[in-house]
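Working notes, structure below.
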Amino acid sequence: MELLSGNEAIARGAWEAGCTIGVAYPGTPSTETLENFAKMDGVYAEWCTNEKVAVEVGVGASAAGARVLATMKHVGVNVAADPLFTAAYTGVNGGMVVLAADDPGMYSSQNEQDSHFYAMAAHMPMLDPSDSQEAHDFMRDAFELSERFDVPFFVRSSVRISHTKTPVEVGERTAVARKDYESNPAKYVMMPAYAKPRRKVQLKRIAQLGEWVETCEYNRVEQKGSAVGVVCYGAAYQHVVEALPDASVLKLGVSWPLPKQKLADFAASVDALYVVEEGSDYLAGAVAACGVTVAEFPCGLPQDGELSPGLIRAAFGLEAPEFAEAPAGLPGRPPALCPGCPHRLVFKELSRLKAIVTGDIGCYTLGALPPLGSMDSCVDMGASISMAHGFELALAHTTRRPVCAVIGDSTFAHSGLSSLISTVYNQGGGTVCVLDNRTTAMTGRQGNPFNGETLQKRPSRELDLEGVVRALGVEDVRTIDPNDMKAVRKALREATASKTLSVLIFRSPCVLLERVVKPAYVVSGACTGCGVCSGLGCPAIARDRETGLASIDAGLCIGCGQCAQYCGFKAIEQRGR
């Protein structure tokens, strides 16, 4: 018995099932899954440039006969949807399982999204574990099921399943021989002449899955009283059994396709049937589509965020536990860029320029928050460059602010390259700022093509970022030290004054990557309380509410000297000087 998070359990289950290849792009809450899988014996694992590429690598390895695990967060499923929908036609050779990790409550995401809709639309079966033991068991079984039904399987997680640790009874690895590969264009070449017959194969498979799911042991009824019945899955199940100890429960381990007869029988055994799910109406709609009447909650269930036992009880009009309110007057603790973050001065100077800044997905998205307040949009991976081009088109004939796109090195490799190609092709202008901190920082400092570090530390090749950009046809390409305020200011002023497209590469390692700490800075008596240094938003800098005078926390300061460059009174000095 081991205490494992859902992500660790999924990795272990895949390994025990004889999976030999793992592919992914890191994304919370899924990231640790492939990191743990990569540490296991006899496997190959890699970070791919994006989720679409990961799934395509996986489909190729599966067609060649290997068992494959592909992991991603919910918005990564959007990126991977193109190959996933077609892989549901082609089917598999070696078993293929896709982890879709949803994020109810948006703890680390730009939206709430229910991956069940993808399973339903793509006709790919989805398994929904409710704890780490089920995450392990479902993943272990999913590869055999994938091969039996000739289709990739989804295993869905959520932040609460992925990151909560529960006891797991682990097993030994099953040695599974790679299946032989035989050329079969009618199965894998999805042009219309071959895709039409595969659609009929898919329809037959859906019928077979419908029969299997009725007897699948993952779907179980916990019969208690006859007054209230609840249908649920995943983390919501844990909340339901705590909130409603007397209710009967149909716990779904397979959330697509649904067991229609089992649902009907369960509904007949209770006076009223309710559906409990987090931030979605997928299950309620799907159960109703099976001809089962779904009761409305007396007091309504929240349509956003994570559920809790208290929220479920409140939805039924039952007494819910009370929680003490936080004392009034406590200061807020918003997230902030780390002390010494190499992105900080770029955002400060963009703010001084009053630029329109189209942002992207990464820790640098925090540049949108006060006091930097230097980001106007953040939609999805790679959108910064495309949206900047859109702003340029719409504002082309007006007196306007400069338009700048901000994107990280890993995100640039993920989907920024194609956006830049489109902008160059259409002779777009503007300024693209690539914040190259030598890692994929937000998800835990993983490797990417522009730092050349692979998941399993294999020999690799660091791509030439400047060379790639120049090869696309961008003539104004510059590399700047983002910790040098004057250099950052000069580069941004020159680039935004130009009518041609400029790409500025601000290169300096993430402070958590190299962890170089120099003597801290201190504020001398020359401080006038002007507040310029606190406007950088560095967590190490504080300002007295009454006097306005600044101070620096030596325990947080890493000695980067960014603040000293902005102090016109020379009141910030490094210790020992």
Side-chain angles (χ1 to χ4, degrees), residues 3-17 19 22-37 51 54-55 58 68-80 84 96-109 111-120 122 124-143 145-146 152-168 218 232-239 251-256 277-280 282-283 305-307 443-444:
L3 190 63
L4 300 178
S5 69
N7 285 343
E8 292 170 330
I10 288 169
R12 175 76 188 202
W15 179 77
E16 290 181 16
C19 176
V23 288
Y25 181 83
T28 305
S30 72
T31 306
E32 301 85 1
T33 309
L34 205 66
E35 289 180 329
N36 279 277
F37 180 78
E51 296 86 354
V55 166
V68 183
L69 171 65
T71 71
M72 62 201 68
K73 67 183 296 177
H74 63 291
V75 287
V77 182
N78 299 338
V79 180
L84 280 174
M96 181 172 178
V97 182
V98 178
L99 169 65
D102 288 359
D103 189 11
M106 294 179 282
Y107 290 98
S108 185
S109 305
N111 70 359
E112 283 188 322
Q113 181 178 302
D114 188 349
S115 294
H116 291 101
F117 289 105
Y118 273 107
M120 180 173 64
M124 280 177 53
M126 177 169 276
L127 309 182
D128 237 298
S130 63
D131 59 21
S132 297
Q133 183 68 65
E134 287 191 343
H136 167 275
D137 296 347
F138 289 8
M139 178 57 71
R140 176 163 183 147
D141 293 347
F143 291 92
L145 290 169
S146 172
F153 262 61
F154 273 121
V155 171
R156 176 186 175 268
S157 176
S158 65
V159 63
R160 211 49 58 189
I161 301 301
S162 287
H163 291 162
T164 298
K165 293 196 174 189
T166 62
V168 177
Y218 303 157
C232 56
Y233 49 61
Y237 164 76
Q238 304 290 354
H239 302 318
K251 178 194 173 298
L252 296 173
V254 183
S255 47
W256 192 91
E277 55 187 326
E278 288 183 315
S280 178
Y282 158 74
L283 186 57
E306 284 192 295
L307 290 179
T443 50

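No hydrogens, no waters, no symmetry mates; every other heavy atom, side chains included, goes into these values. Everything numeric in this text was worked out from a predicted model, so none of it was measured.
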Derivation of the side chain to side chain donor-acceptor pair (under 3.5 Å) call for His116 and Ser255: CA-CA 7 Å; His116 291 101; Ser255 47; 3.2 Å; yes

For Thr164, all residues meeting side-chain contact (heavy atoms from CB on, under 4.5 Å), sequence neighbours excluded: Arg160, Thr166

Backbone N/O of Met96 and side chain of Ser146: donor-acceptor pair under 3.5 Å: yes

Shortest non-hydrogen separation from Asp114 to Glu277 and the atoms involved: OD2-OE1, 4.4 Å

Reported CG-to-OH distance for the pair Leu283 and Tyr233, which is rounded to 0.5 angstrom: 5.0 Å

Student check: side-chain heavy atoms of Met120 and Met126 closer than 4.5 Å: no

Backbone N/O of Tyr25 and side chain of Lys73: donor-acceptor pair under 3.5 Å: no

Counterpart residues, side-chain contact (heavy atoms from CB on, under 4.5 Å), relative to Ala80 (two or more places apart): Glu51, Val55, Met72, Leu84

Distance-only side-chain donor-acceptor flag, Ser115 / His74, under 3.5 Å: no

Pairing residues for Ile161 by the side-chain contact (heavy atoms from CB on, under 4.5 Å) criterion, not counting sequence neighbours: Ser157, Ser158, Ala235

Side-chain donor/acceptor of Ser109 to backbone N/O of Met106, under 3.5 Å: no

With Phe154 via ring-ring contact (aromatic ring centres under 6.0 Å, His included) - residues at least two apart: none

Listed partners of Tyr118 passing side chain to side chain donor-acceptor pair (under 3.5 Å), at least two apart: Asn78

Salt-bridge contact Glu134-Arg140 (side-chain N to carboxylate O under 4.0 Å): no

Spatial distance of atom CD (Glu35) from atom OG1 (Thr443) [nearest 0.5 Å]: 7.5 Å

Plane angle bin for Phe117 and Tyr282 - parallel if under 30°, tilted between 30 and 60°, otherwise perpendicular: perpendicular

Partner set under ring-ring contact (aromatic ring centres under 6.0 Å, His included) for Trp256, not counting sequence neighbours: His123

Straight-line distance of Asp137 CG to Arg12 CZ, nearest 0.5 Å: 12.0 Å

Spacing of OG1 belonging to Thr31 relative to CG belonging to Asn36, to within rounding of 0.5 Å: 11.0 Å

Partner residues of His136 under the side chain to side chain donor-acceptor pair (under 3.5 Å) criterion, sequence neighbours left out: Glu16

Asp128 CG to Tyr237 OH distance, which is reported to the nearest 0.5 Å: 13.5 Å

Partners passing salt bridge (charged side-chain N to carboxylate O under 4.0 Å, His left out) against Glu8 (at least two apart in sequence or in another chain): Lys165

Side-chain donor/acceptor of Glu278 to backbone N/O of Pro104, under 3.5 Å: no

Exercise: identify the closest heavy-atom pair between Leu34 and Ala24: CD2-CB, 3.4 Å

With Asp141 via side chain to side chain donor-acceptor pair (under 3.5 Å) - residues at least two apart: Tyr218

Any donor-acceptor N or O pair under 3.5 Å, side chains Asp131, Gln133: no

Qualifying residues under ring-ring contact (aromatic ring centres under 6.0 Å, His included), relative to Tyr107, sequence neighbours excluded: none

Pairs touching residues 99-108 that satisfy salt bridge (charged side-chain N to carboxylate O under 4.0 Å, His left out), sequence neighbours left out: Asp102-Arg156

For Ala135, side-chain contact (heavy atoms from CB on, under 4.5 Å) partners two or more places apart: Ala9, Ile10, Pro129

Considering all heavy atoms, the nearest His239-Leu307 contact: NE2-O, 3.4 Å

Separation of Asn7 CG from Ser162 OG (nearest 0.5 Å): 4.0 Å

Any donor-acceptor N/O pair, Ser132 side chain to Leu4 backbone, under 3.5 Å: yes

Exercise: identify the closest heavy-atom pair between Phe143 and Cys19: CZ-CB, 3.8 Å

Any donor-acceptor N/O pair, Glu112 side chain to Gly279 backbone, under 3.5 Å: no

